[in-house]
Asks: 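First the structure, which I've put down as structure tokens, then a few questions once you've had a look.
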Number of protein chains: 2
Amino acid sequence: MNPITVLLVDDHLVVRSGLKALLGTQPDIQVVAEAASGEEALVQTEQLSPAVVVMDLAMGAGMDGIEAIKQLRRRDSRQAVLVFTTYDSDADIVRAVDAGAMGYLLKDAAPEEIFSAIRGAVQGKSVMSAPVASRLFQQLRNPDEILTPREAELLSLLIEGLSNRELGRRLFISEATVKTHLAHIYAKLGVETRAAAIATAIRREGMR
Amino acid sequence: MNPITVLLVDDHLVVRSGLKALLGTQPDIQVVAEAASGEEALVQTEQLSPAVVVMDLAMGAGMDGIEAIKQLRRRDSRQAVLVFTTYDSDADIVRAVDAGAMGYLLKDAAPEEIFSAIRGAVQGKSVMSAPVASRLFQQLRNPDEILTPREAELLSLLIEGLSNRELGRRLFISEATVKTHLAHIYAKLGVETRAAAIATAIRREGMR
DNA sequence: TGCCGTATCAGCCAAAAGGCTGAGAGACCA
DNA sequence: TGGTCTCTCAGCCTTTTGGCTGATACGGCA
């Protein structure tokens, strides 16, 4: 049986080599190429059609990981994308999954976990580190549970179309505080603008 | 039977006197006060409790008519507010009705129309000039019909949470054009910000 | 032929929103 | 007692939005 071909995408050489060495210990996994940026990843994928793309989200310059995943999805390539990153922020997890990632691994994951994630990915199984999975499930089950009471209150007014100033007046807090809450809400909903937050919140049913 | 007490609110003296003279011809209608601004209108209403407030929307300085109507509603006063204005823009009509206006008359309305509007208002009947009514019904029936095809297209992307730049790229037009379209959409939906536009559009069912 | 609606774009300016950092107070829990 | 979470606020700076004015172009309709 042919080995699973893998493309590594990470802007740090050390990480790439380390991962490559690690994966090299597995006879059924073969790293066929490396890329240091999202752009490079797209080109390499096009040319080599690896079975799995293991990608960091934070790329120093140019296209970031999320965008690269979206681009790959758009070309309806059949590669499975595994996110391999340092942090497990709520926002990144949601965005990566939305973009089409098959799995989400933390860099401190055990080697065996990484191997099985890659093997599972080619079979269409999605794998994620335990802490990541628990966060994601919590999100999916009830996205509002992860919002604090105050944040939920603010969100419910936000979707009425109020401005920051109006939100502040309504809740008897300063505009600065409103902005702080909003930043947290955006992070938790996995969006970047109030427009997207409203769209997301209203769509998640119940909030209308 | 006591005459219907009326407060006139308009920043133009000539309009007030003209209207006062006109209404003076009707024995069952009595103008008890006049105000030249939204603020003044609130004070006068408080003190005199007129049965009907006839108000222009465009006030030179300070609080505008829409805001004045909202304030009156908030104090849950029992006055009926009739909008008496020069223009019949879609935005103003919707906003005035939303704010709680009982009727919407154009300044070129026939005297008889004005009299009957005032008489109807005290009985809880809402009256509006024919062109106003037709616009409003069109809005309510299907708000999208009044949007041009291009505007509707833009709106459908807007509620996805895209920024102006992204909208431009997606539609192959400049950001300037996006802004122009947005301004028109806001006017037609009767909102002022993209956040409110999204909230409104999604709620009007069908757009989700 | 001239006007109107639609779609396109520009430039300028003010207001709103967002990113980032840092910080203090109170609650709760280990 | 010390850490963590939540809520609060500030300042600074950049980007995005929105308001306003004005302009060009095309197609239909009177």
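Here is the naming used below: chain letters follow the sequence lines, and residue numbers restart at 1 for every chain.
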Asks: In this structure, how many angstroms lie between the P atom of dA7(C) and the CD atom of Glu151(B), rounded?
Replies: 6 Å
Asks: Would you mind reading off the distance between Ile185(A) atom CD1 and dA17(C) atom C1', rounded to a whole angstrom?
Replies: 14 Å
Asks: Can you find a side chain N or O atom of Thr177(B) that sits less than 4.0 Å from OP1 or OP2 on dT8(C)?
Replies: no
Asks: Ser163(B) side chain N/O closer than 4.0 Å to the phosphate oxygens (OP1, OP2) of dT15(D)?
Replies: no
Asks: Does Lys179(B) or Ser174(B) map to a spot on DNA chain C nearer the 5' end, using the closest nucleotide for each?
Replies: Ser174(B)
Asks: To the nearest Å, how far apart are Leu162(A) CG and dA16(C) P?
Replies: 14 Å
Asks: Between C1' on dC9(D) and CG on Leu182(A), what's the gap in Å once rounded to a whole number?
Replies: 14 Å
Asks: Of Glu175(B) and Phe172(A), whose nearest nucleotide on DNA chain D comes first from the 5' end?
Replies: Phe172(A)
Asks: Is the distance from OP1 or OP2 of dA7(C) to the nearest side-chain N or O of Arg150(B) less than 4.0 Å?
Replies: no
Asks: Any salt bridge between Arg150(A) and Glu153(A), counting N to O under 4.0 Å?
Replies: yes
Asks: Relative to the 5' end of DNA chain C, which residue comes earlier, Thr193(B) or Ile173(B), by the nucleotide with the nearest heavy atom?
Replies: Ile173(B)
Asks: Measure the shortest side-chain to side-chain distance between Leu7(A) and Val31(A) over non-hydrogen atoms and say whether it is less than 4.5 angstrom.
Replies: no
Asks: Is it the case that Thr177(A) and Thr180(A) place a side-chain donor and acceptor less than 3.5 Å from each other?
Replies: no
Asks: Please evaluate the base of dC9(D) for a donor-acceptor partner in the side chain of Thr180(A) within a cut-off of under 3.5 Å?
Replies: yes
Asks: How many angstroms lie between atom CG of Leu182(B) and atom CG of Asn164(B), to the nearest 0.5 angstrom?
Replies: 5.5 Å
Asks: Just how far, in rounded Å, is C1' of dA17(C) from CZ of Arg194(B)?
Replies: 11 Å
Asks: Under 4.0 Å between a side-chain N/O of Asn164(B) and OP1 or OP2 of dT17(D), yes or no?
Replies: yes
